[in-house]
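The structure appears right after this line, and notes come after that.
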Amino acid sequence: MDQKIMKNFYPINSYHMIRIFNVTVISALFMVGCESIPAPTEQIATSRTAVNSALSAGGSEFAPVEFKSAMEKMEAAERAMGEKDYVLARQLAEQAQMDAKLAGAMARTAKAQKAADALQEASRTLRQEIDRQVQ
């Protein structure tokens, strides 16, 4: 009877050992794969440039919500870089770059609209002046 229990015990035990070994190998490969992800330093630099460009375009004044979002995502990307979470850092940097580009475009559009309105007002004033001189 003791021999019967031992026969049944060893195959189950070896099956579990093989399964544990496979899980361990797969986990190790996954961890090595994660560590091989390069730091997104170029993406961080590109995003930082986009944020600075949006700031100089007037993004903080003309598109404050989008600009603030870009700044917050940029800061979060830099924190993720510090924590070596490169996947998250890249995603946040890309999002920050898109938000910054949007803020910059909105700022340039608002400035162009303001200039067009000023030009239209100057043109209207000039027409009124010409009309007065003709009468």
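The analysis underlying the following values was restricted to heavy atoms, covering all of them including side chains, and did not include hydrogens, waters or symmetry mates.
For the atom pair CG of Leu126 and CD of Glu121, the computed distance is 11.5 Å after rounding to the nearest 0.5 Å. Put simply, CD on Glu94 and CD on Gln91 are 7.5 Å apart, with the number rounded to the nearest 0.5 Å. The structure places CD of Gln97 at 13.0 Å from CG of Leu92, a figure rounded to the nearest 0.5 Å.
Of all the heavy atoms in Tyr86 and Pro38, the pair that sits closest is CB-O, 3.8 Å. The minimum heavy-atom distance linking Ala103 with Phe67 is given by the pair CB-N, 3.8 Å.
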Donor-acceptor pairs under 3.5 Å, side chain of residues 44-57 to any protein atom, not counting sequence neighbours: which ones?
| from | atom 1 | to | atom 2 | distance (Å) |
| --- | --- | --- | --- | --- |
| Thr46 | OG1 | Glu42 | O | 2.9 |
| Ser47 | OG | Gln43 | O | 2.9 |
| Ser47 | OG | Gln43 | NE2 | 3.2 |
| Ser47 | OG | Ala93 | O | 2.6 |
| Arg48 | NE | Glu78 | OE2 | 3.1 |
| Arg48 | NH2 | Glu78 | OE2 | 2.7 |
| Thr49 | OG1 | Ala45 | O | 2.9 |
| Asn52 | ND2 | Arg48 | O | 3.4 |
| Ser56 | OG | Asn52 | O | 3.4 |
| Ser56 | OG | Ser53 | O | 2.9 |

Quiz item: Stepwise, does the side chain to side chain contact (heavy atoms under 4.5 Å, CB included) test hold for Arg124 with Gln120?
Solution: CA-CA 6 Å; Arg124 187 183 63 74; Gln120 191 172 12; 5.8 Å; no
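Taking hydrophobic clusters as Ile, Leu, Val, Met, Phe, Trp and Tyr residues chained together by side-chain heavy-atom distances below 4.5 Å, Met81 shares a cluster with Val87.
One finds a salt bridge joining Glu72 and Lys68 here, because a Lys/Arg side-chain nitrogen approaches an Asp/Glu carboxylate oxygen to under 4.0 Å.
Applying the side-chain hydrogen bond (donor to acceptor under 3.5 Å, both in side chains) test to residues at least two apart or on different chains, the pairs with a partner in residues 99-116 are Ser69-Asp99, Lys73-Asp99, Gln113-Asp117.
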